Amino acid sequence: MIPIVYDQLNRWGKDDDFFLSLLQKSNTKQLADLGCGTGRLTVHFAKQGYAVTAIDPNKEAIEAARNKEHAGHINWVVGDSADLKTDAYDTVIMTANVAQVFLTDDIWQQVLADAYRALKDGGHFIFDTRNPLAKAWVAWMQDDTPDAAVHPENGDALEIWTTYDGLEGDIFTFYETVTYAQTGEVIVREKIQLKFRTLEALRESLKKAGFSEVQAYGDWEFQEATAQSKSFIFDCVK
């Protein structure tokens, strides 16, 4: 995630509506948004009246988030899942496929343990992730045109180029490069890696973490996920 262009490339969508609807079903008051990024969706949680703690390791993203409307009502934290308070939240949520940035099973299991620890009894852990069987990377690698954006500070036209190493095992590696459109000067280049876990592997990891009830929805509908679903949305109860 490159903060200076993230919000321009990720507009409001069906996934955002789904998360808000899912939260309404969970009787949430105290909410932790883990991997909140630039706070694009986080501020909407605050607007809905939730008491929000937002956590992300990217200092630049948190700084961008602090400047948003309603950001003053949110507790912003530069950190990771270890910074979640114990028995403090009705819901811990991770959106935008944040679950895929945890590349090893040990790290992923620690994130689940931290989320479990942070929840009150009966609390919900909500997250989304892509189904590896849908092979989303095939379509990604066929698109070689740059995305367009503008620099948030000087208004100059930008281009975002994506190049790919591809899939090795269950980890997909790619690079995003932001340049000035007129000169081609590189502003920032970021390496991104995503772990694709199967539905069965995710269920097993959640069981290991102690979650007693696990619901997996598919493709932003309140219907059970299947092997054909492109996305899995988990709602796990402590």
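Remember, predicted model here, so these are calculated numbers, not experimental data. The figures here come from the full heavy-atom set of this structure, side chains too, leaving out hydrogens, waters and symmetry mates. The first residue in the sequence is number 1, and the count goes up from there.
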Qualifying residue for side chain to side chain contact (heavy atoms under 4.5 Å, CB included) with [X], from [options]:
X      : options                       : answer
Phe232 : Asp128, Leu199, Thr198, Asn97 : Leu199
Leu158 : Ile187, Thr179, Asp147        : Ile187
Ile126 : Val92, Thr91, Thr95           : Thr91

Membership question, hydrophobic clusters at under 4.5 Å side-chain separation (ILVMFWY): are [Y] and [X] in the same one?
X      : Y      : result
Val214 : Val237 : no
Leu167 : Ile192 : yes
Val98  : Trp140 : yes
Leu9   : Ile4   : yes
Ile93  : Trp76  : yes

message: Run the side chain to side chain contact (heavy atoms under 4.5 Å, CB included) test on Val188 and Thr177 for me, step by step, so that the C-alpha distance in whole Å, both residues' side-chain angles and the decisive distance to 0.1 Å come before the verdict.
response: CA-CA 6 Å; Val188 61; Thr177 304; over 6 Å; no

task: For side chain to side chain donor-acceptor pair (under 3.5 Å), just list the numbers for Ser81 and Asp83, CA-CA rounded to whole Å, side-chain angles, deciding distance to a tenth of an Å, and then say yes or no.
output: CA-CA 5 Å; Ser81 63; Asp83 294 288; over 6 Å; no

message: For a side chain to side chain contact (heavy atoms under 4.5 Å, CB included) check, start with the C-alpha distance between Leu84 and Ile55, then their side-chain angles and the critical distance, and finish with the verdict.
response: CA-CA 8 Å; Leu84 290 164; Ile55 303 173; 3.7 Å; yes

query: What about the rings of Phe125 and Phe234, do their centers lie closer together than 6.0 Å?
result: no

- prompt: Does the gap between the ring centers of Phe211 and Tyr116 come in under 6.0 Å?
  reply: yes

Output yes when [X] and [Y] qualify as a salt bridge under the 4.0 Å nitrogen-oxygen rule, no when they do not.
X      : Y      : result
Arg197 : Asp170 : no
Asp87  : Arg117 : no
Lys85  : Asp114 : no

query: Near Gln8 CD, under 6.0 Å, is it more than 12 heavy atoms from other residues, nucleotides or ligands?
result: yes

Within the side chain of [X], is there an N or O that forms a donor-acceptor pair under 3.5 Å with the backbone of [Y]?
X      : Y      : result
Asp219 : Lys230 : yes
Glu224 : Tyr217 : no
Asp90  : Lys120 : no
Asn67  : Glu63  : yes

[X] [atom1] to [Y] [atom2] distance, which is reported to the nearest 0.5 Å:
X      : Y      : atom1 : atom2 : result
Trp108 : Leu206 : CH2   : CG    : 6.5 Å
Ile107 : Asp80  : CD1   : CG    : 10.0 Å
Leu202 : Lys207 : CG    : NZ    : 15.0 Å
Leu31  : Asn75  : CG    : CG    : 12.0 Å
Ile62  : Glu60  : CD1   : CD    : 11.5 Å
Asp16  : Lys14  : CG    : NZ    : 12.5 Å

Would you indicate whether the side-chain heavy atoms of [Y] and [X] approach each other to under 4.5 Å?
X      : Y      : answer
Phe45  : Leu20  : yes
Leu103 : Ile171 : yes
Leu119 : His124 : no
Asp7   : Lys68  : yes
Phe222 : Gln215 : no
Thr53  : Val77  : yes
Gln228 : Leu133 : no
Asp105 : Lys195 : yes

query: Which is it for Leu194 and Arg130 under the side chain to side chain contact (heavy atoms under 4.5 Å, CB included) test, yes or no, and what are the steps along the way?
result: CA-CA 10 Å; Leu194 302 175; Arg130 300 177 185 90; 3.7 Å; yes

- request: Validate the cation-pi geometry between Arg189 and Tyr175: distance from NZ or CZ to the six-membered ring centre under 6.0 Å, angle to the ring axis within 45°.
  value: yes

field: Within 45° cone of Tyr89 ring axis and under 6.0 Å: Lys29 NZ or CZ
entry: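 No - Lys29 does not lie over the ring of Tyr89 by the 6.0 Å and 45° rule.
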
Search all heavy atoms of [X] against all heavy atoms of [Y] and return the closest pair with its distance.
X      : Y      : value
Ala149 : Val5   : CB-CG1, 4.0 Å
Gln109 : Ser205 : NE2-O, 2.8 Å
Ala148 : Ile160 : C-CD1, 4.2 Å
Val52  : Ala46  : CG2-N, 3.9 Å
Thr42  : Ala54  : CG2-CB, 3.7 Å
Gly37  : Ala65  : O-CB, 4.2 Å

task: Ignoring hydrogens and angles, state whether a donor on the side chain of Trp12 or Asp17 is under 3.5 Å from an acceptor on the partner side chain.
output: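 Yes, side-chain donor-acceptor contact under 3.5 Å.
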
- request: Assign the ring pair Phe174 / Tyr164 to parallel, tilted or perpendicular, where the plane angle (0 to 90°) is split at 30° and 60°.
  value: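 Tilted, since the angle between the ring planes falls between 30° and 60°.
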
field: Residue pair Tyr6, Arg40: steps toward the side chain to side chain contact (heavy atoms under 4.5 Å, CB included) verdict
entry: CA-CA 9 Å; Tyr6 183 83; Arg40 185 191 64 84; 4.3 Å; yes

